[in-house]
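One structure is given below, encoded as structure tokens.
Remember, it's 1-based here, ligands and their atoms both numbered in the order they're listed.
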Amino acid sequence: MTEAPLIEAKAVTKRFPGRRAFPWQKAPVLEAVKNVSVSVPRGVSLGIVGESGCGKSTLARMLVGLTRASAGTIDIDGQRVWAGDRAVNRQARQRIQMVFQDPLGSLNPRKTVRQLIEAPLIGLTGMAAAERRVRVEALMDLVGLRPEFIHRHAHEFSGGQCQRIGIARALATEADILILDEPVSALDVSIQAQILKLLADLRQRLGLTYLFISHDLSVVNHICDQVAVMYFGEVVETGPTDSVLRNPAHDYTRRLLAAVPGDRLEALRTGS
Ligand SMILES: Nc1ncnc2c1ncn2[C@@H]1O[C@H](COP(=O)(O)OP(=O)(O)O)[C@@H](O)[C@H]1O
Ligand SMILES: [Mg+2]
């Protein structure tokens, strides 16, 4: 028996009005995401790789309901989401959350850690203030933020600490699916390793399901069980991470691998 996917996108497409060469022309249609289908079983971490502009963030935004798909469907736990039923969408918002690339830029610098982490609790649950405070403290402990930081403002923190705040906020409503859009790309390498370790531990401890977007194949190799390769809005190859990285079927995947520096490539090949 194959396990039912926890999140499944079927033939998802997103069209944007493209740029006109002249003002009197009709705007061309830009297909940022074309007919993409992905399916992630519970507890699995799926990597989405591909170069800048290939549609990764657009796909992420459709999955979490920040952008409406032009075509296609998205199901969470077998239920159609972002299709108009408000009660269903509200419940889905608690279960699927996004972690953004730019930890400093995605947090309002004037808000305190408490305000930032409890925002989804205020928006999506009926939790009372005292209860929210307890939950925020538990989340801070979970992501490794010291309790005395609770009244500090986001601008007082480093990139790595901000990403811990972003992860705590994403987990506030007990989401079981995280869409991580280049969550470590903006961080120094040593900090990257700490945040990747935190994400791996959290997945294990909480049984989370990840869609992990990255342009860095060594990061994907580290944290993803499966990988989907995107190229110009389409998924061109998908499979278990080790077979895709060690035995790529698609020409574009081979080119991505060829761009990885030698020592890192060696680590990918040997699976270390
Ligand atoms: N809101 C938007 N309006 C118009 N075009 C967009 C919008 N968002 C993204 N695009 C375009 O869609 C394509 C994919 O972008 P994006 O999903 O951000 O790629 P990636 O995250 O892989 O770098 C790009 O050509 C981008 O310019
Ligand atoms: Mg992006």
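With a 6.0 Å radius and a threshold of 12 heavy atoms from other residues, nucleotides or ligands, Q204 has its CD atom at or below the threshold.
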Give the table of side-chain donor-acceptor pairs shorter than 3.5 Å for residues 190-200, with sequence neighbours excluded, one pair per line with atom names and distance.
residue	atom	partner	partner atom	Å
Q192	NE2	V184	O	3.1
Q192	NE2	L187	O	3.4
K197	NZ	D201	OD2	3.0

Distance-only donor-acceptor hits, side chain of residues 13-20, under 3.5 Å, sequence neighbours excluded:
residue	atom	partner	partner atom	Å
T13	OG1	N35	N	2.9
K14	NZ	R68	O	2.6
R15	NE	E31	OE2	3.3
R20	NH1	P23	O	3.0

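For atom 21 (O) of ligand 1, a protein heavy-atom neighbour is found at a distance under 4.0 Å. Counting only heavy atoms, the protein never gets under 4.0 Å from atom 26 (C) of ligand 1.
The shortest distance between side-chain heavy atoms of R254 and L257 does not fall below 4.5 Å.
Under the side chain to side chain contact (heavy atoms under 4.5 Å, CB included) test applied with L46, the options L211, T209, D225 reduce to a single match, L211.
For a distance threshold of 2.8 Å, the protein N, O or S atoms nearer than that to the Mg ion (ligand 2), listed by chain and number, are S57 OG.
In terms of polar-atom proximity, L30 is not counted as a contact of ligand 1, lacking any N or O under 3.5 Å from an N or O of the ligand. Among the atoms of P17, none of the N or O lies under 3.5 angstrom from an N or O of ligand 1. For ligand 1, the polar-atom distance check finds no N/O of F16 at less than 3.5 Å from any of the ligand's N/O atoms.
Note on ring orientation: taking the six-membered ring where Trp is involved, the planes of H155 and H153 are parallel (angle under 30°, cut-offs 30° and 60°). Relative orientation of the F149 and F157 rings is perpendicular, given thresholds of 30° and 60° on the angle between their planes.
With sequence neighbours excluded, no residue forms a salt bridge (Lys or Arg N to Asp or Glu O under 4.0 Å) with E237.
Here is the list of ligand 1 atoms found below 4.0 Å of a heavy atom in S52: 23 (O).
Electrostatic pairing of E131 and R135 does not count as a salt bridge here, judged by no charged N lying under 4.0 Å from a carboxylate O. Salt-bridge check for R203 with D176: failed, with every basic side-chain N at 4.0 Å or more from each acidic carboxylate O. Looking at D181 and R61, no side-chain N of the basic residue comes within less than 4.0 Å of a carboxylate O on the acidic one, giving no salt bridge. A salt bridge between D85 and R80 is absent, with no side-chain N of the basic residue lying under 4.0 Å from a carboxylate O of the acidic one.
Here the protein heavy atom with the shortest distance to atom 19 (O) of ligand 1 is G55 N, 3.2 Å. Ranking protein heavy atoms by distance to atom 18 (O) of ligand 1, first place goes to S57 CB, 3.8 Å. With hydrogens left out, the protein atom closest to atom 15 (O) of ligand 1 is T58 OG1, 3.8 Å, a heavy atom. The nearest protein atom to atom 23 (O) of ligand 1, hydrogens excluded, is given as G53 N, 2.6 Å; this is a heavy-atom distance. Protein heavy atom nearest atom 12 (O) of ligand 1, with residue, atom name and distance: A32 CB, 3.3 Å.
Within the 4.0 Å heavy-atom shell around ligand 1 one does not find G50.
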